[in-house]
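Here is the structure we will look at.
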Amino acid sequence: QVQLVESGGGSVQAGGSLRLSCTASGYTASSYCMGWFRQAPGKEREEVALIDNDGRASYTDSVKGRFTISQDNAKKTLYLQMNSLKPEDTAMYYCAAGPRVRFCRLMGNWGQGTQVTVSL
């Protein structure tokens with residue numbers, strides 16, 4: 001199993017930036033997907049960004065051009081650089097990992113989450 005720990009959340013004004021980090025420990029496969037998800041109270045969990053072991057990334061439309069997912073394989077750390085933040089980005093952000101199958105939609109490992117709050 002892989003353990004994931006997120007950090008970097010906080011409160012920021014609209015238009016500001018944050019960088020989230022997710023550090024993995026335990027076994028990690030050579031072929032994998034990792035991603036960032038978010039969930040606001042009363043709303044469904046939303047896939048924000050995905051990246052595979054080859055560095056191929058995808059984003060949900062609402063964050064394209066503003067967020068960048070990246071990874072440091074040596075440090076076993078996943079990042080989400082969030083720029084031009086909007087109030088609607090406010091949510092609990094979760095890091096996840098899973099096999100590189102089914103369009104990276106079998107995420108079985110999840111972090112505890114880190115809160116992002118964007119104010120006016």
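Only heavy atoms go into these numbers, but all of them, side chains included; no hydrogens, no water, no symmetry mates.
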Could you tell me whether the side chain of [X] and the main chain of [Y] form a donor-acceptor pair under 3.5 Å?
| X | Y | value |
| --- | --- | --- |
| Trp110 | Leu4 | no |
| Lys76 | Gly26 | yes |
| Gln112 | Val5 | no |
| Thr90 | Val118 | yes |
| Asp52 | Gly55 | yes |
| Glu6 | Gln115 | no |
| Asn53 | Tyr32 | yes |

State whether the number of non-hydrogen atoms from other residues, nucleotides or ligands found under 6.0 Å of Glu88 atom CD is greater than 12.
yes
Hey, could you give me the CZ/OG distance between Arg19 and Ser21, rounded to the nearest 0.5 Å?
5.0 Å
When rounded to the nearest 0.5 angstrom, what distance separates CG in Leu120 from CD in Gln13?
9.0 Å
Connected via hydrophobic side-chain network under 4.5 Å: [X] and [Y]:
| X | Y | value |
| --- | --- | --- |
| Tyr79 | Phe67 | no |
| Met82 | Val63 | yes |
| Val12 | Val48 | yes |

Could you check Phe37 against Glu47 for side-chain contact (heavy atoms from CB on, under 4.5 Å), going step by step and ending with a plain yes or no?
CA-CA 5 Å; Phe37 296 74; Glu47 180 183 288; 3.6 Å; yes
Considering all heavy atoms of both residues, which atom of [X] and which atom of [Y] are nearest to each other, and what is their separation?
| X | Y | result |
| --- | --- | --- |
| Ala91 | Ala40 | CB-N, 3.9 Å |
| Pro99 | Cys33 | O-SG, 3.6 Å |
| Leu85 | Arg66 | CA-NH1, 3.9 Å |
| Thr77 | Thr23 | OG1-OG1, 3.5 Å |
| Tyr93 | Trp36 | CB-CE3, 4.5 Å |
| Leu80 | Ala49 | CD1-CB, 4.3 Å |

Does the side chain of [Y] come within less than 4.5 Å of [X]'s, by heavy atoms?
| X | Y | value |
| --- | --- | --- |
| Glu46 | Ser62 | yes |
| Leu78 | Ile69 | yes |
| Gln81 | Ser17 | yes |

Kindly indicate, with the supporting measurements, whether the criterion side-chain contact (heavy atoms from CB on, under 4.5 Å) is fulfilled by Arg38 and Asp89.
CA-CA 9 Å; Arg38 66 187 181 187; Asp89 294 319; 2.9 Å; yes
Would Lys64 and Asp61 count as a salt bridge (charged side-chain N to carboxylate O under 4.0 Å, His left out) if you check the C-alpha gap in whole Å, the side-chain angles of each, and the deciding distance to 0.1 Å?
CA-CA 5 Å; Lys64 287 180 179 177; Asp61 287 343; 2.9 Å; yes
Step by step, work out the side-chain contact (heavy atoms from CB on, under 4.5 Å) result for Arg100 and Asp54.
CA-CA 10 Å; Arg100 191 179 166 184; Asp54 289 325; 2.7 Å; yes
side-chain contact (heavy atoms from CB on, under 4.5 Å) evaluation trace for Leu20 with Tyr94:
CA-CA 10 Å; Leu20 307 183; Tyr94 298 91; over 6 Å; no
